[in-house]
Amino acid sequence: MLQKSFDNSIEQKWQKRWLEENTYAFRPEEGKPLYTLDTPPPFTSGELHMGHVLSYAYFDFVARYKRMNGFSVFYPQGWDTQGFPTEVKVEKKYGRLPPPEFRKKCMEWTEDMIAKMRESMVGMGYSPDWGYQYRTMDPEYHKTVQLSLLQMHKKGMVYRAKHPVYWCTRCRSALAKTDTEDSERSTMLNYFIFDGPDGEPLEIATTRPELMPACAAVMFHPEDERYRHLAGRKIKTALGKEVPAIADKDVLKDFGTGLLMVCTFGDKMDVIWAYRHKLPVIEAIGTDGRMKNTELFDGMKVEEAKKAIIGMLREKGKLVKQEQLQQAVKLHDRCKHPVEFAPSYQWFADITGHREEIKRLAEQVEWVPSFGIHYLYDWADSVEWDWVISRQRVFGTPIPFYICDKCNSVRPCDEDELPFSPERAKAHTCGCGGKMRPETDVCDCWVDSSITPLVIADWPEMKNPELYPSSLRPQGVEIVRTWAFYTIYRSGLALTGKPPWKTILLNGNVLAPDGRKMSKSLGNVIQPAELLREYQADALRQWAAMSGAMAKDRPFSYEDIKFAKTFLNKWWNGARFIESSLSGYDAGKKPKLGKVDRWMLEQMNVAIGQATEAMERYEFHAAVKLLQSFFWHDVCDDYLEYVKYRIYGEGAEGRHAAQHVLHTILYNFTKMMAPFTPHISEEIYSEMFGGKEGPSVHLAAWPRPGERHHGAHLEVEQLRLLVSAARQHKAACKLSQATWLSSASITLPKPLHSELVEEFRNIARIKEVELKEGEFAVDFSKSVPIEAQG
RNA sequence: GGGCCCGUAGUCGAAUGGUAAGACGCUACCCUGACAUGGUAGAGAUCGAGGGUUCGAUUCCCUUCGGGCCCACCA
C-alpha cells in the first residue's frame with residue numbers, strides 16, 4: 001500500500017535497490033538493438049552544479065526512454081580527471097613535489113572527488129551502468145590516448161614545432177586558444193617619441209612599452225599620407241634601437257597616431273606581422289613571466305618593467321602623453337592570469353589543414369537543434385593556428401615521443417612501451433648519433449576527452465562494431481567548439497574516418513533566477529544539494545525537463561520546481577485514491593465500458609501518442625507538460641470526479657468499468673513518467689502493479705496506444721459543458737459542489753444520449769433533469785438545494 | 001565587424017498560415033469521504049515596431065529597434 005506521502009526516504013530506498021539489483025546494467029547478450037550514449041565525463045571537481053543536473057537529466061531521460069523501447073542501452077560513466085584545476089588545488093595543499101609524488105597526490109585527490117560526485121549523481125536518480133566507468137588518468141586510458149597520437153603522427157597530423165603560443169606565465173605552460181577567455185580592463189595608451197630617418201620626431205602609441213626592447217619594426221597603413229615617405233627607411237626607437245619602417249594594410253590609420261611598433265610578441269597581430277614580414281624574434285618575456293634580453297629590465301616582472309620604462313622615458317622627455325584605454329586582454333580561463341605569447345617548442349595537431357573535412361563530417365551527424373552546427377562552422381572557419389596539444393604540466397597524459405638532444409628530431413615511442421611514461425622510458429639513439437630523451441610534456445585534457453566515443457567502443461579492437469558510432473552525444477552548447485569539434489576531428493576524421501555519433505543533442509546553460517550567470521562573486525549560485533533536500537530528485541528532474549527549448553540558456557525557476565513538487569503530491573494522492581478504488585477489482589473480467597470510460601481511454605491513447613512523439617524528438621518539456629496536464633486535468637479533475645459515484649455506489653458493472661479504466665490509466669501514466677520521475681514511478685509500480693512487467697518499471701515497455709475509442713468524444717464534451725454549468729451555478733449560489741439540487745432544465749441542439757443524461761444527474765448531483773431541444777442552455781431557476789444524502 | 005538565438009498577459013514561458021496552451025501570481029466562492037501542496041469559477045496579451053507575400057500572419061520574407069550567446073579586432 002502507498003504510504004501517506006511521497007518523501008525522500010522512498011527515493012533513497014530505490015536508489016539503493018537499483019544499485020544492489022544492477023537494474024541499469026548494459027546487457028548486450030540480450031540481443032536487443034544497442035543504444036549507445038557518449039556521455040560527458042564531468043571534470044572531477046567534486047561538485048555537481050546546476051549545469052550538470054540539467055544536462056545529465058537530459059540524457060538520463062533518453063537512456064530510460066530507450067530502455068523502455070526495447071534497446072540495450074549502453075550508458076557508461078566517465079571522469080575527466082587531469083588538468084590545471086586539480087594541480088592548482090593539490091599544489092595549494094601539498095606544495096610543489098617531485099612529479100611522481102605530485103601525480104600520486106593528484107590521483108588520490110581525484111578519487112575523493114569522484115566518490116563525492118558519484119554520490120550526488122546517484123542522488124539525482126541517474127542511471128548509468130556503474131560497471132562501465134573510465135577515468136582519463138588511468139593507465140589504460142593513457143594507453144589509448146597515446147596510441148591515438150602515434151597514429152595521428154604517422155598520418156602527419158601531429159607534429160612538433162617551435163611557434164609562438166599562448167602562454168600562461170603563472171602555470172608556466174602553453175595553452176590552446178580555447179583555454180583563454182577575454183576580459184575588459186582599463187589600461188594606459190602611452191605616446192612616445194621615436195626618431196625618424198631624417199631626425200624628425202615620430203609619435204607612436206603603445207599599451208606595452210615594456211616590450212620596446214623587443215621592437216622589430218615600426219608600421220603604418222600604406223595609404224597613410226603622413227607616413228608613406230618612411231617606407232623602407234630606418235627609425236630609431238625611444239631606446240635608440242634601429243628598426244625598419246614597413247607599410248601594412250592591417251594597420252588602423254585612426255588608432256593612436258597611425259604608427260605602431262611591432263614587438264615579438266606583444267599580441268596576436270604581432271605574431272602575424274612578424275611572420276608576414278619575416279621580422280627577427282626577440283624573446284623579451286621568459287616562461288616565468290620575467291623580462292629578459294632587454295639589458296635594462298631583465299628579471300623584472302612585466303608590470304615592474306612597464307613602470308620602469310615609462311619612468312625612464314618620461315625623464316628623457318620621450319613620453320608625450322598618456323590616455324586611458326579600455327582594452328580586452330586574454331586570460332587563462334583556469335587561473336585568470338593574463339596570457340602572453342611565447343615562442344617555444346610544442347606539439348601541434350593539424351586542424352587548419354582539415355577544416356573543410358571536419359565540417360563535412362559534422363554534417364553527417366544529426367544536430368539537435370539543427371542550428372547547433374553553426375557553432376562548429378564558426379569555429380572551424382575562424383581558427384587560425386593548429387591546436388597546441390602539449391602542456392608543460394605534470395598531471396596529464398604523457399606525450400609518447402622521444403626527442404633527440406642533438407638534432408632535435410622526434411621519434412614515436414614503440415607500441416610495446418604503451419602506456420608511455422617518461423620515467424619508464426627506454427634508451428633510444430637518434431639516427432644522427434644523438435641521445436634521445438623522452439618528452440616530459442603532457443597532453444591538453446581535450447586530447448583525452450576527444451576520444452570518448454572510441455574509448456567506450458573499446459578502440460582499437462572494437463570487438464563490437466555496433467558500439468561505434470555512438471547513438472547519441474549529449475553535451476552543452478558552449479563546448480561545441482572544443483569537445484564536439486575535437487572529437488569529430490580526432491575520433492572521426494583522424495582515427496576512424498567515420499562520424500563519432502549519429503546524433504548530437506545540445507543543451508543550454510542554467511542561469512541564476514535573475515537571468516545572470518551564476519557566479520560565486522555575485523552570490524547567486526544555486527546548489528543542487530539544497531534543492532534536493534527541499535524538493536526531491538523527482539521534482540528537480542521535472543524542472544530539468546520543463547526547462548524549455550534546447551540549446552538555450554534558461555534561468556533557474558523556483559516556480560517550476562515548486563510546481564513539480566506540487567505535481568508529485570497530486571499524482572501521489574491520485575494514485576492513493578485509485579489504489580483504494582481498486583479494492584475487489586477483477587482484472588480478468590471484461591469491462592462493460594460506458595461513454596465516459598471510452599472517452600477517458602481515448603484521451604489516454606492520444607496522450608500516449610503525443611508523449612511518444614515528443615520523446616522521439618527529445619522535446620522533454622513538451623512531453624512532461626502534456627503528461628502533467630493529462631493527469632491533473634483530464635484524469636483528476638474530470639474522470640476521477642465523474643466516476644466517484646460509481647466507485648462508492650452499488651452498481652457492480654459501472655464500478656468494474658471505472659476500476660478497469662483507472663487501473664489502465666494510472667499504469668500507463670506511471671510508465672510514461674518513469675524516465676522523468678524514476679522514484680515515484682517505481683514506488684507506485686511496485687506497490688500497485690507489483691511485477692506486472694518484471695521487477696522494475698524501468699525495465700517495462702513504453703506504452704503504445706490501446707484499443708481506439710472514437711465516437712464518444714463529442715458527446716462527452718457536451719456532458720463536460722453541462723457539468724461545468726452546474727458547478728458554476730453552485731459556485732454562484734455559494735453552495736458546496738457536494739450539494740444535491742432538486743432539478744435542472746437543459747436545452748441542447750441535439751438530444752443527449754440517455755446514458756449521458758444519467759451520468760450528468762449522478763456527477764452533478766441533480767435529482768430531476770428536464771430536456772429540451774434548442775440552443776445550449778442550462779436553467780436552474782426552479783432548482784432547490786437538497787440536504788446532502790448518502 | 002561576422003555568426004547564431006530571442007523579443008508572446010504582472011512574471012516565466014509553449015504552440016500555430018485562419019486572432020493564442022500552460023504554470024506562477026491575482027479575484028470570488030467551496031474544508032465535496034485522494035489531495036487545502038486541494039476544488040470550482042473568473043479577470044488579464046490585438047503576440048517589440050514598420051513594410052511586404054497571402055483571401056487571411058503572432059506564425060513566411062525584408063527593414064528597424066531591443067535583449068542574449070559565440071567569434072574576430074582593439075598597437
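Atom CE of A:Met546 and atom P of B:G22 are 16 Å apart (whole Å). Between A:Lys730 atom NZ and B:C31 atom P there is a gap of 13 Å when expressed in whole angstrom units. The interatomic distance linking A:Phe567 (CZ) with B:G38 (C1') rounds to 14 Å, in whole Å. Counting to the nearest Å, the C1' atom of B:G38 and the NE2 atom of A:His633 are 12 Å from each other. Between the NZ atom of A:Lys249 and the P atom of B:C73 there is a distance of 13 Å, given to the nearest Å. For the pair A:Gln737 CD and B:A36 C1', the computed distance is 15 Å after rounding to whole Å. Atom C1' of nucleotide B:A75 and atom CZ of A:Phe194 are separated by 11 Å, given to the nearest angstrom.
Each of B:A41, B:G3, B:A75 was ranked by its minimum atom distance to the side chain of A:Gln728; first place goes to B:A41. Side chain of A:Lys268, nearest nucleotide from B:C73, B:A75, B:C4: B:C73. Proximity note for A:Asn569 (side chain, C-beta onward) versus B:C4, B:C74, B:U37: the nearest is B:U37. For A:Lys570, the side-chain atoms get nearest to B:C35 when compared with the rest of B:U32, B:C35, B:U40. Taking only side-chain atoms of A:Thr566, from C-beta outward, the nucleotide of B:G42, B:A72, B:G38 with the closest atom is B:G38. The A:Gln327 side chain lies nearest to B:A75 when the options are B:G38, B:A75, B:U40. Counting only heavy atoms from C-beta on, A:His621 has its side chain closest to B:A14 among B:C4, B:A14, B:C35. Which of B:G13, B:C30, B:A75 sits closest to the side chain of A:Ser736 comes down to B:C30. Distance from the side chain of A:Ala738 is smallest for B:U32 among the nucleotides B:G3, B:A75, B:U32. Here the side chain of A:Asp378 is nearest to one of B:C35, B:A75, B:G2, namely B:G2.
The residue A:Trp632 sits close only to the backbone: its heavy atoms come under 4.0 Å of sugar-phosphate atoms, none of a base. Here A:Asp560 lies out of heavy-atom contact (under 4.0 Å) with every strand. Residue contacts for A:Thr206: at a heavy-atom cut-off of 4.0 Å it reaches the sugar-phosphate backbone alone, with no base atom in range. Within the nucleic acid shown, A:Gly256 has no heavy atom closer than 4.0 Å to any nucleic acid atom. As judged by a 4.0 angstrom heavy-atom cut-off over every strand, A:Glu478 is placed among residues making no nucleic acid contact. Counting any heavy atom pair closer than 4.0 Å across all strands shown, A:Leu640 reaches a base atom.
Both the sub-6.0 Å distance and the 45° axial angle are not jointly satisfied by A:Lys330 relative to the ring of A:Phe341.
Pairing partner, B:A23: B:U11, with both Watson-Crick or wobble hydrogen-bond distances short of 3.5 Å. The partner of B:C60, taking Watson-Crick or G-U wobble pairs whose two distances both stay under 3.5 Å, is B:G52. Summarising the base pairing, B:G33 is matched to no nucleotide, lacking a Watson-Crick or G-U wobble pair whose two defining distances lie under 3.5 Å. The partner of B:C47 is absent, by the rule that a Watson-Crick or G-U pair needs both atom distances under 3.5 Å. Using Watson-Crick or G-U wobble geometry with both donor-acceptor distances under 3.5 Å, B:C4 finds its partner in B:G68.
A salt bridge links A:Asp381 to A:Lys359: at least one charged side-chain nitrogen sits closer than 4.0 Å to a carboxylate oxygen. Ion pair A:Arg226/A:Glu203 not flagged as a salt bridge, since none of the NZ, NE, NH1 or NH2 atoms sits closer than 4.0 Å to an Asp/Glu carboxylate oxygen. In this structure, A:Asp560 pairs ionically with A:Arg554, as a charged nitrogen and a carboxylate oxygen lie closer than 4.0 Å.
Taking only side-chain nitrogens and oxygens, A:Arg481 never comes nearer than 4.0 Å to OP1 or OP2 of B:C70. Put simply, A:Ser724 has a side-chain N or O that comes within less than 4.0 Å of OP1 or OP2 on B:A41. OP1 or OP2 of B:A72 lies within a sub-4.0 Å distance of a side-chain N or O belonging to A:Lys177. Contact annotation: A:Arg554 side-chain N/O to B:G13 OP1/OP2 distance is under 4.0 Å.
Comparing B:A23 with B:C31, their C1' atoms are spaced 25 Å from each other, to the whole Å. Spacing of P atoms, B:A14 relative to B:U8, comes out at 11 Å, to the nearest Å. Comparing the C1' positions of B:U46 and B:G56 gives a spacing of 15 Å, expressed to the nearest Å. Comparing B:G2 with B:C55, their C1' atoms are spaced 41 Å from each other, to the whole Å.
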Verdict with reasoning, A:Asp7 to A:Ser9, per side chain to side chain donor-acceptor pair (under 3.5 Å): CA-CA 6 Å; A:Asp7 59 36; A:Ser9 69; 2.5 Å; yes
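Inspection of the A:Glu759 and A:Tyr645 side chains reveals an N or O donor paired with an N or O acceptor under 3.5 Å.
With hydrogens and angles ignored, no donor-acceptor pair closer than 3.5 Å exists between the side chain of A:Lys552 and the base of B:C5.
Residues A:Lys565 and A:Ile578 each lie close to RNA chain B; by heavy-atom proximity, the contact nearer the 5' end of the strand is made by A:Ile578.
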